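Not measured: the values here are computed from a predicted model.
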Amino acid sequence: VQLAESGGGLVQAGGSLRLSCTASGRTNSGNAMGWFRQAPGKEREFVAAMNWAHTTYYRDSVKGRFTISRDNAKNTVDLQMNNLQPEDAAVYYCTEEWFGSMRATPSRNSAAWRNWGQGTQVTVAS
């Protein structure tokens with residue numbers, strides 16, 4: 001499975017960006033898709049995920065500001081990011097994984113996800 005992200009860039013604090021990710025190759029029905037991010041000198045951290053049944057999961061600091069969505073037929077997942085803050089700046093990675101069922105809760109641990117995109121940079125100017 002190949003994952004390709006797009007949509008990163010530079011934005012002023014309070015601004016918005018929309019990240020998109022498309023999965024291609026040997027994609028599997030039922031997989032969860034999600035977004036992680038990694039800032040310089042920090043570990044990769046969970047941002048948001050959605051299982052095949054469209055249940056959503058967010059880290060607390062982005063709830064109410066970020067929205068994850070997906071199109072199962074097109075194998076795409078998007079992340080709408082509003083009211084961006086300097087602490088949101090990072091490389092954002094798209095990921096997908098099978099967690100045992102279409103309704104399973106995706107892991108918030110990056111080690112549990114095997115398929116990753118190359119990442120897209122999000123920079124937030126204060």
Side-chain angles (χ1 to χ4, degrees):
V1 175
Q2 292 80 46
L3 299 169
E5 304 99 336
S6 62
L10 171 65
V11 65
Q12 294 291 321
S16 299
L17 283 174
R18 187 177 184 87
L19 306 182
S20 296
C21 174
T22 300
S24 60
R26 191 176 293 179
T27 57
N28 298 313
S29 296
N31 283 10
M33 297 189 79
W35 293 90
F36 282 69
R37 66 188 181 189
Q38 188 166 18
K42 295 188 176 182
E43 294 187 353
R44 192 169 296 190
E45 64 181 20
F46 172 82
V47 176
M50 180 182 281
N51 63 18
W52 188 262
H54 284 77
T55 303
T56 57
Y57 306 85
Y58 297 95
R59 72 179 295 107
D60 286 346
S61 64
V62 308
K63 285 180 181 178
R65 300 188 297 122
F66 290 12
T67 302
I68 189 171
S69 59
R70 68 183 290 179
D71 185 326
N72 290 348
K74 296 181 179 179
N75 291 314
T76 61
V77 61
D78 292 345
L79 186 68
Q80 176 66 42
M81 305 185 294
N82 297 329
N83 191 21
L84 281 159
Q85 300 300 313
E87 54 266 32
D88 296 316
V91 177
Y92 281 70
Y93 295 91
C94 173
T95 183
E96 68 104 57
E97 185 56 76
W98 169 251
F99 288 103
S101 81
M102 295 182 180
R103 298 183 180 276
T105 299
S107 174
R108 294 174 182 249
N109 186 339
S110 62
W113 301 72
R114 289 173 293 175
N115 299 311
W116 295 90
Q118 293 298 307
T120 185
Q121 179 71 50
V122 171
T123 304
V124 183
S126 56

In Å, rounded to the nearest 0.5 Å, how long is the span from [atom1] of [X] to [atom2] of [Y]?
X      : Y      : atom1 : atom2 : result
Ser107 : Glu97  : OG    : CD    : 9.5 Å
Gln38  : Glu45  : CD    : CD    : 9.0 Å
Leu19  : Trp35  : CG    : CH2   : 4.5 Å
Arg18  : Asn82  : CZ    : CG    : 9.5 Å
Ser61  : Glu87  : OG    : CD    : 8.0 Å
Leu79  : Thr120 : CG    : OG1   : 11.0 Å

Kindly give the heavy-atom pair with the smallest separation between [X] and [Y], and that separation in Å.
X      : Y      : answer
Gly30  : Met102 : CA-CG, 3.7 Å
Val62  : Val47  : CG2-O, 3.7 Å
Ser16  : Asn83  : OG-N, 4.2 Å
Ala39  : Ala89  : CB-O, 3.8 Å
Val122 : Gly8   : CG2-CA, 4.3 Å
Ala90  : Gln121 : O-NE2, 3.4 Å

Can you tell which of Ile68, Asn72, Thr55 makes a side chain to side chain contact (heavy atoms under 4.5 Å, CB included) with Met50? Ile68
Indicate yes or no: at least one non-hydrogen side-chain atom of [X] is less than 4.5 angstrom from one of [Y].
X     : Y     : value
Val1  : Asn75 : no
Met81 : Asp88 : no
Arg59 : Phe66 : no
Thr76 : Ser20 : no

Flag, side chain of Glu96 to backbone of Asn31, donor-acceptor distance under 3.5 Å: no
Can any side-chain N or O of Glu5 pair as donor or acceptor with the backbone N or O of Gln118 at less than 3.5 Å? yes
Using a cut-off of 6.0 Å, state whether more than 12 heavy atoms not belonging to Gln2 lie near its atom CD. yes
Which residues, ordered by chain and number, are linked to Tyr93 in its hydrophobic cluster, where ILVMFWY side chains connect at heavy-atom gaps below 4.5 Å, directly or through other members? Phe36, Phe46, Tyr57, Val91, Phe99, Trp113, Trp116
Does either side chain, that of Arg103 or that of Ser101, offer a donor lying less than 3.5 Å from an acceptor on the other one? no
Quiz question: by atom type and distance under 3.5 Å, do the side chains of Gln80 and Asp78 form a donor-acceptor pair? no
Connected via hydrophobic side-chain network under 4.5 Å: Tyr58 and Leu84: yes
